[in-house]
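Here's the structure, in C-alpha cells; my notes come after.
Model, not experiment: these values are computed from the prediction.
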Amino acid sequence: MADTAAVAAAAGSTDPSVGLAAVRSLRVLVERLEALQVENARGQGWSWELIAQHLGVSRQAVHKKHAGGRGPLRREE
C-alpha cells in the first residue's frame with residue numbers, strides 16, 4: 001500500500017488481510033519517519049539524550065537503533 005489515504009482507510013477495514021497489510025505499511029512509514037527525524041535532529045546538534053526524551057525511549061535504545069548508519073533510510077553497501 002503506497003497511498004497514505006488508502007492506508008488510513010484500510011486500517012479500519014473489517015477484513016483482517018486488508019487491515020494487517022495497512023498495519024505493515026504504517027509500521028514501515030513510522031520507521032522511515034523516525035529515521036528521517038533522528039537524522040534531522042542530529043544534523044541540528046541534538047544529543048542522543050534529547051532525541052530519546054522526545055521519542056519516549058532510552059538514550060541507549062535510540063543510539064543503538066540509529067547510530068552508525070544502520071537506520072532504515074541507509075543503503076546496504
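- With rounding to the nearest 0.5 Å, the separation of OG in Ser47 from CD in Gln53 is 7.0 Å.
- Side-chain atoms of Asp15 and Ser13 form no donor-acceptor pair, as typed in the model, at a separation below 3.5 Å.
- Under 3.5 Å, the side chains of Glu34 and His66 contain a donor-acceptor pair of N or O atoms.
- Leu50 and Val57 fall within a single hydrophobic cluster, where Ile, Leu, Val, Met, Phe, Trp and Tyr side chains are chained together by heavy-atom contacts under 4.5 Å.
- With contacts defined as side-chain heavy-atom distances shorter than 4.5 Å, the pair Val23/Arg27 qualifies.
- For the residue pair Trp48 and Val38, the shortest heavy atom distance occurs at CZ3-CG1, 3.8 Å.
- Of all the heavy atoms in Ala11 and Ala22, the pair that sits closest is N-CB, 3.6 Å.
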Open item on the list: Run Glu49 and His54 through side-chain contact (heavy atoms from CB on, under 4.5 Å) and show every step you take.
Closed with: CA-CA 9 Å; Glu49 181 67 32; His54 279 78; over 6 Å; no
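- Taking CD1 from Ile51 and CZ from Arg59, the interatomic distance works out to 11.5 Å, rounded to the nearest 0.5 Å.
- The NZ atom of Lys65 lies 8.0 Å from the CG atom of Leu55; values are rounded to the nearest 0.5 Å.
- Expressed to the nearest 0.5 Å, how far CH2 of Trp46 lies from CD of Glu39 amounts to 14.5 Å.
- Atoms CG and CG, on Asn40 and Leu33 in that order, are 12.0 Å from each other to the nearest 0.5 Å.
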